[in-house]
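The structure under discussion appears below in the form of C-alpha cells.
Residue indices begin at 1 and follow the sequence shown.
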Amino acid sequence: MHHFARRSAGFTIALAAAGLLVAGCGDDDNSVSDSVGSLTSAVMPGDNTGTGESPTGSPGAEGSPTETTGAEGSPTPDEDPNADAGETTVQTPDGTEVTVSGSIYQKYTEAGGPAGTLGMPEGEEQVAGDGGRYQNFVGGTIFFSEETGAHIVWGDIREAWEANGGAEGELGFPTSDEEDTPEGKKSEFEGGTITWNSSDRSTTVTQN
C-alpha cells in the first residue's frame with residue numbers, strides 16, 4: 001500500500017513536471033513566433049521601415065535639379081538679359097570678324113546695320129559702368145543697361161557726355177536715342193539732358 005502511494009505520488013510529480021515542460025515550450029514557441037513576426041514586418045513590401053523610401057522622395061535626392069545663380073535663369077549683373085534676341089557676325093574691311101548680339105544687336109538692326117548710319121563695328125561688346133554694356137561703331141556707340149535699355153550716342157553730344165564722365169559720371173546711361181529739337185538735337189540720360197545747337201554746334205549739359 002505504501003509502495004502504491006509512493007508510485008502514485010511519483011507519477012503525479014512526473015505529470016506535473018511534464019506539464020511544466022510543455023507549458024515552458026509553449027512560451028518559447030510564442031517568443032520565437034513573435035520574433036519571426038517582427039523580423040518579417042521589417043522587410044515586408046509596403047512597410048516604410050528600413051526600405052529607403054524616404055531619401056527617394058526627399059528634396060535634393062538623386063534626380064532633383066540643383067540651382068545655380070546666373071546659370072540657367074537670372075543673368076549676372078553685367079550680362080544682357082536679352083542675350084538670346086539674336087546676333088550677327090560682321091566682317092570688317094581689315095578681315096576681322098566682330099559679333100553684335102542681344103539688345104545691342106536689336107538696336108543696331110533698327111539703325112540699319114552695317115549699311116546704316118552706325119556703319120561697321122569697331123570691336124566686340126564691352127562692359128560699361130555699373131552692370132552695363134556698350135559697343136563702338138564707326139558712326140557712334142550703342143550703350144545698354146537693364147534699367148535704361150539700348151540707346152545710341154554719337155557726334156558732339158557723345159563728346160560732351162564723355163567729357164562729363166560717360167556712363168560712370170553724373171549723367172549715367174542714356175535713356176533715349178538722339179531726338180530732334182527746334183534748335184537741333186538732344187539726348188536724355190539718367191542724370192540729365194545734353195542739347196546740341198545746329199547753328200553753332202554748341203552743346204549744353206543740364207543735370208537733373
Side-chain angles (χ1 to χ4, degrees), residues 65 67-198 201 203-208:
E67 293 182 8
T68 52
T69 304
E72 288 184 343
S74 302
T76 55
D78 60 352
E79 180 182 338
D80 184 353
N82 201 26
D84 60 351
E87 67 177 31
T88 185
T89 300
V90 180
Q91 186 169 17
T92 61
D94 64 359
T96 303
E97 291 188 345
V98 180
T99 299
V100 185
S101 63
S103 297
I104 290 179
Y105 165 74
Q106 286 186 326
K107 178 60 68 173
Y108 184 50
T109 301
E110 289 175 16
T117 50
L118 286 171
M120 293 285 186
E122 293 185 327
E124 297 290 344
E125 186 176 295
Q126 304 291 327
V127 175
D130 185 12
R133 314 286 292 181
Y134 76 94
Q135 193 160 8
N136 289 322
F137 300 85
V138 173
T141 303
I142 299 176
F143 282 83
F144 164 83
S145 78
E146 189 172 356
E147 292 77 18
T148 61
H151 300 288
I152 299 169
V153 185
W154 50 22
D156 294 336
I157 288 179
R158 175 185 174 183
E159 290 183 9
W161 178 54
E162 290 178 344
N164 283 268
E168 297 181 359
E170 301 249 347
L171 290 169
F173 282 90
T175 59
S176 75
D177 293 329
E178 197 171 88
E179 303 170 357
D180 291 329
T181 68
E183 295 79 20
K185 302 283 186 182
K186 74 169 183 176
S187 285
E188 300 286 348
F189 298 85
E190 291 177 295
T193 304
I194 300 178
T195 57
W196 176 78
N197 194 311
S198 59
R201 299 183 63 86
T203 55
T204 301
V205 177
T206 304
Q207 295 186 6
N208 294 341

Just so I know, are the side chains of Leu118 and Trp154 near enough to count as touching, which here means a heavy-atom distance under 4.5 Å?
yes
Between CD on residue Glu162 and OG1 on residue Thr141, distance to nearest 0.5 Å
6.5 Å
Rounded to the nearest 0.5 Å, how far does CD of Gln207 lie from CD1 of Ile194?
9.5 Å
Where Leu171 and Phe189 come nearest, the two heavy atoms and their spacing
O-CB, 3.3 Å
Between Trp161 and Phe173, is there a donor-acceptor pair closer than 3.5 Å when you use the side chain of the first and the backbone of the second?
no
How close do Ala111 and Ile152 get, counting heavy atoms only, and between which atoms?
CB-CD1, 3.9 Å
Pair Glu122-Val138, side-chain contact (heavy atoms from CB on, under 4.5 Å): steps then yes or no:
CA-CA 6 Å; Glu122 293 185 327; Val138 173; 4.3 Å; yes
Closest contact, heavy atoms only, Met120 versus Pro93:
CG-CD, 4.3 Å
Under a 4.5 Å cut-off applied to non-hydrogen side-chain atoms, are Thr181 and Thr195 in contact?
no
Any donor and acceptor pair, going by atom type alone, linking the side chain of Tyr108 with main-chain N or O of Ser103 inside 3.5 Å?
no
Could you pull out the closest heavy-atom pair between Pro174 and Val153, with the gap in Å?
CG-CG2, 3.7 Å
Crowded around Glu170 CD? As in, over 12 foreign heavy atoms under 6.0 Å?
no
When rounded to the nearest 0.5 angstrom, what distance separates CD in Gln126 from CD1 in Ile104?
10.0 Å
So do the side chains of Arg133 and Val127 get within less than 4.5 Å of each other, counting heavy atoms only?
yes
Can you find a pair of side-chain heavy atoms, one from Ile142 and one from His151, that are under 4.5 Å apart?
no
To the nearest 0.5 Å, atom CD of Glu179 lies from atom OG of Ser187 at 7.0 Å
Once rounded to the nearest 0.5 Å, what's the spacing between atom OG1 of Thr203 and atom CZ of Arg201?
10.5 Å
What do the steps show when you test Asp177 against Lys107 for salt bridge (Lys or Arg N to Asp or Glu O under 4.0 Å), and what is the final call?
CA-CA 10 Å; Asp177 293 329; Lys107 178 60 68 173; 2.8 Å; yes
Students often mix this up, so state it plainly: with edges at 30° and 60°, are the rings of Phe143 and Tyr134 parallel, tilted or perpendicular?
parallel
Out of curiosity, Asn208 CG to Thr193 OG1, how far, rounded to the nearest 0.5 Å?
6.0 Å
Between Gln135 and Gly123, is there a donor-acceptor pair closer than 3.5 Å when you use the side chain of the first and the backbone of the second?
yes
Take Gln91 and Thr96 through the side-chain contact (heavy atoms from CB on, under 4.5 Å) test and state the conclusion after the steps.
CA-CA 5 Å; Gln91 186 169 17; Thr96 303; over 6 Å; no
Under 3.5 Å donor-acceptor, Ser176 side chain and Glu188 backbone
yes
Are side-chain heavy atoms of Thr99 and Glu124 found at a separation under 4.5 Å?
yes
